[in-house]
2 protein chains.
Amino acid sequence: MFSKAAEYGIRAVIYVWGQSNKGLKMGVKDICKEIDAPEFFTAKVLQSLARLNIISSAKGPNGGFYIDEEQEEIKLIDLVVAIDGDGIFRGCALGLKQCSETNPCPIHKDFKAIRDDLTHLLQTRTIRELAQDVDKGLATLVR
Amino acid sequence: MFSKAAEYGIRAVIYVWGQSNKGLKMGVKDICKEIDAPEFFTAKVLQSLARLNIISSAKGPNGGFYIDEEQEEIKLIDLVVAIDGDGIFRGCALGLKQCSETNPCPIHKDFKAIRDDLTHLLQTRTIRELAQDVDKGLATLVR
DNA sequence: TATTCTGCTGCTTTTGAAAACATTTTTATT
DNA sequence: AATAAAAATGTTTTCAAAAGCAGCAGAATA
């Protein structure tokens, strides 16, 4: 479904959000230890997210990644598109290049419905909600 | 969503079903020309499907792949599972190894709903239906 | 000002899917 | 029997994602 980069990225951002809410900035090493993800690979994902202004970063001692006030309402779809692009929403399930409403593959309509549900889900759910679930112990990011 | 192997496999079987319905057996070369898929790669997919008795094959002149009477009610899910395995239905969206009802990732429930829809779709739709749509010109397998 | 803790960038290695190639085996037809 | 057509099998090549590694640059605190 998602790429490894997106999986790590989403988990990392959820964790960072939670810590940032407590006023903490988190280094890559700590983040990856917490969510059990490869360090250097995940670092690149977070850095590209910071470059896109989806999350923030600070260098130097007591630096790290954090969530700015203006970034508090990040939605899942923002992360997915930033990391994996919009291929999940565009491609044909059977790999046809010219698959569309007017020239559909045999399962075009069925998959459009499922894909619309997925899109709606990603557009609706915020990182805030997910981080709060983790904070309440209703969900986990590791193991 | 699906692997390339599954994409080619599904397209090929839909086409074979349609031709088989007219009493024809189709060679790999013709199949791949018709659905615009790589020949040798697709051949292996079809061979493994034949080995699993999901489709039939006959060697020699006038041989080829075809659908047996007992195989006429193939469902989409049979092909997907045979080619890609059940990973699509089991894996966690965020890559957690121990993600479950009792130990869920933050989007476990959301994705379960979507995945159930997908499963239902694949279990319900038969190759027969899809092949008939192609036959009527309501859907296409190429381009 | 210097040290040390950070993120940042580029390069290399590894892994597995995808694809191409070559060969063998089976079988209908002549 | 010979031939040609087709599936079946095994090997190799290609390529991109995933991951790891080493060095660079900025920033804060002592």
Side-chain angles (χ1 to χ4, degrees), chain A residues 1-13 16 19-20 24-33 35-68 80 83-85 87-88 91 94-95 97, chain B residues 1-13 16 19-20 24-68 80 83-85 87-88 91 94-95:
Chain A
M1 179 75 81
F2 302 135
S3 69
K4 290 287 172 190
E7 290 180 2
Y8 300 145
I10 294 171
R11 302 220 306 265
V13 171
V16 169
Q19 299 301 304
S20 194
L24 299 174
K25 295 170 186 165
M26 301 302 297
V28 175
K29 201 172 284 186
D30 292 330
I31 295 171
C32 291
K33 197 174 292 175
I35 67 172
D36 189 28
E39 188 174 329
F40 296 93
F41 190 67
T42 308
K44 281 189 191 176
V45 176
L46 290 174
Q47 282 154 13
S48 81
L49 289 177
R51 211 175 309 123
L52 291 168
N53 250 302
I54 294 177
I55 61 176
S56 300
S57 68
K59 292 181 177 183
N62 299 321
F65 291 96
Y66 63 101
I67 309 292
D68 197 82
V80 172
I83 301 172
D84 281 351
I88 319 178
L94 296 187
K97 287 158 196 154
Chain B
M1 179 77 78
F2 302 134
S3 69
K4 288 289 173 188
E7 290 180 2
Y8 300 145
I10 294 171
R11 298 213 320 257
V13 171
V16 169
Q19 298 301 304
S20 194
L24 298 174
K25 295 171 185 166
M26 299 302 297
V28 175
K29 201 170 283 185
D30 292 330
I31 295 170
C32 291
K33 198 172 291 175
E34 188 65 27
I35 68 173
D36 190 27
E39 190 175 326
F40 295 93
F41 189 68
T42 308
K44 283 193 183 169
V45 176
L46 291 174
Q47 284 154 15
S48 81
L49 290 177
R51 211 176 307 124
L52 291 168
N53 249 302
I54 295 177
I55 62 176
S56 300
S57 68
K59 291 183 178 181
N62 299 318
F65 291 95
Y66 63 100
I67 308 293
D68 198 84
V80 172
I83 301 172
D84 282 349
I88 319 178
L94 296 187

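Quick note on labels: first sequence line is chain A, next is B, and so on, each numbered from 1.
- With a 4.5 Å cut-off on side-chain heavy atoms, A/Val28 and A/Glu39 count as touching.
- Comparing C/dC8, C/dA19, C/dA28 by their nearest atom to the side chain of A/Lys59 picks out C/dC8.
- Distances were taken from every side-chain heavy atom of A/Pro38 (C-beta onward) to each of D/dG20, D/dT9, C/dA19; the shortest belongs to D/dG20.
- The shortest distance between side-chain heavy atoms of B/Tyr8 and B/Val45 does not fall below 4.5 Å.
- The separation between A/Tyr66 atom OH and C/dG7 atom P is 12 Å, rounded to whole Å.
- Atom CG of B/Leu49 is separated from atom P of D/dA7 by 14 Å (rounded to the nearest Å).
- Within the 4.5 Å cutoff, the side chain of A/Ile31 has heavy atoms near those of the A/Leu46 side chain.
- Relative to the side chain of A/Val28, the nucleotides C/dC8, C/dG7, C/dA18 differ in distance, and C/dG7 lies closest.
- Taking 4.0 angstrom as the limit, A/Ser57 places a side-chain polar atom (N or O) nearer than this to OP1 or OP2 of C/dC8.
- Put simply, CZ on A/Phe65 is 14 Å from C1' on C/dC5, counting in whole angstrom units.
- The nearest whole Å value for the distance from the CZ atom in A/Phe41 to the C1' atom in C/dT9 is 16 Å.
- Comparing C/dA19, C/dC8, C/dA18 by their closest approach to the side chain of A/Ala50 singles out C/dC8.
- Contact annotation: side chain of B/Lys44 to base of D/dT11, donor-acceptor pair present below 3.5 Å.
- Rounded to whole Å, atom C1' of C/dC8 lies 14 Å from atom CD of A/Glu39.
- Between A/Phe40 atom CZ and C/dT13 atom C1' the separation is 14 Å, expressed in whole Å.
- Distance, A/Gln47 CD to C/dG10 C1': 12 Å, rounded to whole Å.
- Projected onto DNA chain D by closest heavy-atom contact, A/Ala5 and A/Gly60 fall at different nucleotides, the more 5' of which corresponds to A/Ala5.
- Distance B/Met26 CE to D/dA6 C1': 13 Å, rounded to the nearest Å.
- Between D/dT9 and B/Arg51, a contact under 4.0 Å exists linking OP1 or OP2 to a side-chain N or O.
- Within the model, atoms CG of B/Leu94 and CD1 of A/Ile10 stand 5.5 Å from one another, a figure rounded to the nearest 0.5 Å.
- Regarding contacts with the backbone of D/dA19, a side-chain N or O of A/Tyr8 is found under 4.0 angstrom from either OP1 or OP2.
- With contacts defined as side-chain heavy-atom distances shorter than 4.5 Å, the pair A/Asp30/A/Gln19 does not qualify.
- Contacts of B/Ala58 with the nucleic acid, taken as non-hydrogen atoms under 4.0 Å apart, involve only primed sugar atoms and P, OP1 or OP2.
- Each of C/dA19, D/dT29, C/dT26 was ranked by its minimum atom distance to the side chain of A/Asn62; first place goes to D/dT29.
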